[in-house]
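Sequence lines set the chain letters: A, B, ... in the order given, protein chains first and strands last, and positions in each chain run from 1. The structure presented is a predicted model; accordingly, all values stated were derived computationally and were not measured.
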Protein chains: 2
Amino acid sequence: MARSKIDDTELLDRISDVFRRYGYEGTSLSRLTEATGLQRASLYHRFPGGKEEMAEAALTGVDASFVEDILAPLSESGEPTGRVRQTAKRLMAFYDEGKKACLLDTMSLGDKGDPPRAHVRASFEAWIAAMTKIAREAGFTPAMAKRRAEEALVQIQGALVFSRASGDRKPFERAIAALPDLLTGADR
Amino acid sequence: MARSKIDDTELLDRISDVFRRYGYEGTSLSRLTEATGLQRASLYHRFPGGKEEMAEAALTGVDASFVEDILAPLSESGEPTGRVRQTAKRLMAFYDEGKKACLLDTMSLGDKGDPPRAHVRASFEAWIAAMTKIAREAGFTPAMAKRRAEEALVQIQGALVFSRASGDRKPFERAIAALPDLLTGADR
DNA sequence: GTCTATAGCTTGATAGAC
DNA sequence: GTCTATCAAGCTATAGAC
């Protein structure tokens with residue numbers, strides 16, 4: 001019998017957390033056993049592909065919850081600015097006010113041929129697409145909409161790096177606060 | 001006598017490059033021997049403190065050349081906007097058009113207590129101070145000047161993450177192009 | 001100042017008991 | 001489904017010859 005000590009989503013959450021903090025290379029099975037409470041062999045039972053499969057699963061899982069929870073308001077109905085405000089609020093919680101790093105950032109270190117690179121790229125593009133779409137709805141030309149979406153991503157990623165390196169969370173708060181105007185506001 | 005196979009600055013450059021690409025944990029002595037052409041023991045002869053001392057040296061070295069080469073124009077004389085343009089141009093080369101990551105970013109992964117964290121923090125602050133100073137000269141209030149400096153850093157770091165994760169260098173080019181106006185231009 | 005050789009630990013991964 | 005025990009390969013670091 002020996003039923004699961006930990007359910008699948010909780011397990012994946014903890015695994016993702018380790019990858020998010022330490023990156024792909026910095027994540028060891030020891031850290032994963034410590035974070036999950038499962039021994040090496042148990043982790044391999046759930047992820048026969050080992051560390052690489054866990055990294056892929058982490059990216060897939062985080063990506064899914066990001067699309068469903070954070071980007072979802074952008075695809076609903078209602079006034080664009082209000083919807084971006086919803087997304088901004090959820091981004092704030094998702095990154096724990098700037099204290100948590102972005103998995104896409106920490107996973108993109110190392111050689112170009114590293115396991116999760118294609119995955120990271122695709123997630124990035126999904127993020128941009130969703131933000132471009134709402135900027136379009138707000139009246140921007142396709143080119144300007146895409147550009148604003150990219151700017152939004154740049155600001156958030158940059159603020160997260162800033163936060164991690166300096167310990168000062170204010171730039172992240174500002175980046176989040178600026179989001180509604182950036183994606184749906186008038187020309188600056 | 002067995003003179004140096006490689007001079008100190010060239011050696012440090014290659015070491016810094018490895019840390020920049022792989023981060024602290026992702027940097028192994030094997031990668032360092034490969035990048036430098038020196039065997040393990042030779043690296044330990046030059047850096048008795050091992051990997052940790054090499055990381056510190058990399059941060060110190062990059063920091064010094066960054067202050068002397070990239071931030072220098074900001075402290076010279078002449079019209080502020082022109083000086084920021086000089087710095088922008090050198091940033092472009094320093095990060096190889098967005099292809100190279102920032103050492104401060106890749107070194108700030110992992111536990112808060114990791115070796116180089118204090119160092120990273122200090123470098124970040126020096127960067128902000130230099131940019132704040134020139135924004136002050138351009139006429140901004142102290143608070144606004146600091147804010148613009150932080151925004152500049154956020155945009156550059158964010159664009160570098162973007163570049164690394166997506167492969168698209170345009171946002172980095174835009175961030176660099178926007179720098180003079182951001183630090184010395186009129187209110188947006 | 002560089003090298004080869006090696007110590008001792010940690011890594012990712014597997015075998016097999018329960 | 002989880003565990004202990006184990007493997008070969010990698011790791012950081014050191015000793016000692018030249």
Can you name the side chain to side chain donor-acceptor pair (under 3.5 Å) partners of B:Glu125, sequence neighbours left out?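 Residues passing side chain to side chain donor-acceptor pair (under 3.5 Å) with B:Glu125: none at all.
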
Applying salt bridge (charged side-chain N to carboxylate O under 4.0 Å, His left out), which residue pairs with at least one partner in residues 158-178 of chain B are found, sequence neighbours left out?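 Qualifying pairs, neighbours excluded: A:Asp105-B:Arg164, A:Glu150-B:Arg174, B:Asp105-B:Arg164, B:Asp168-B:Lys170.
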
Does any pair with a residue in residues 35-48 of chain A pass salt bridge (charged side-chain N to carboxylate O under 4.0 Å, His left out), and if so which ones, sequence neighbours excluded?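 Counting only pairs at least two positions apart or across chains, the salt bridge (charged side-chain N to carboxylate O under 4.0 Å, His left out) contacts touching residues 35-48 of chain A are A:Asp8-A:Arg46.
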
Only counting residues at least two apart or in another chain, list the ones meeting side-chain contact (heavy atoms from CB on, under 4.5 Å) with A:Ser77.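 Testing A:Ser77 for side-chain contact (heavy atoms from CB on, under 4.5 Å), a comparison that skips the adjacent residues, returns none.
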
Using whole Å, what does the distance between atom C1' of nucleotide C:dT10 and atom NZ of B:Lys51 come to?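 Answer to the nearest Å: 12 Å.
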
Mind listing the residues from residues 16-36 of chain A sitting with a heavy atom below 4.0 Å of DNA chain D? Number order is fine.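 Output list: empty, so none.
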
Could you identify which residues of residues 39-49 of chain B place a heavy atom less than 4.0 Å from some atom of DNA chain D, listed by residue number, or say none?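 Correct list: B:Arg40, B:Ala41, B:Tyr44.
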
Sidechain-backbone polar pair: A:Lys100 side chain, A:Arg20 backbone, donor-acceptor under 3.5 Å: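 Absent.
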
Side-chain donor or acceptor of A:Ser163 paired with backbone N/O of A:Ala159 under 3.5 Å: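 No, the answer is negative, given that no donor and acceptor are paired below the 3.5 Å cut-off.
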
Can you measure from CD (A:Glu97) to CG (A:Leu91) and round to the nearest 0.5 angstrom?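 If we round to the nearest 0.5 Å, A:Glu97:CD and A:Leu91:CG are 13.0 Å apart.
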
Tell me, please, whether A:Phe172 has A:Lys99 positioned over its six-membered ring: NZ or CZ under 6.0 Å from the ring centre and within 45 degrees of its axis?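 No - A:Lys99 does not lie over the ring of A:Phe172 by the 6.0 Å and 45° rule.
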
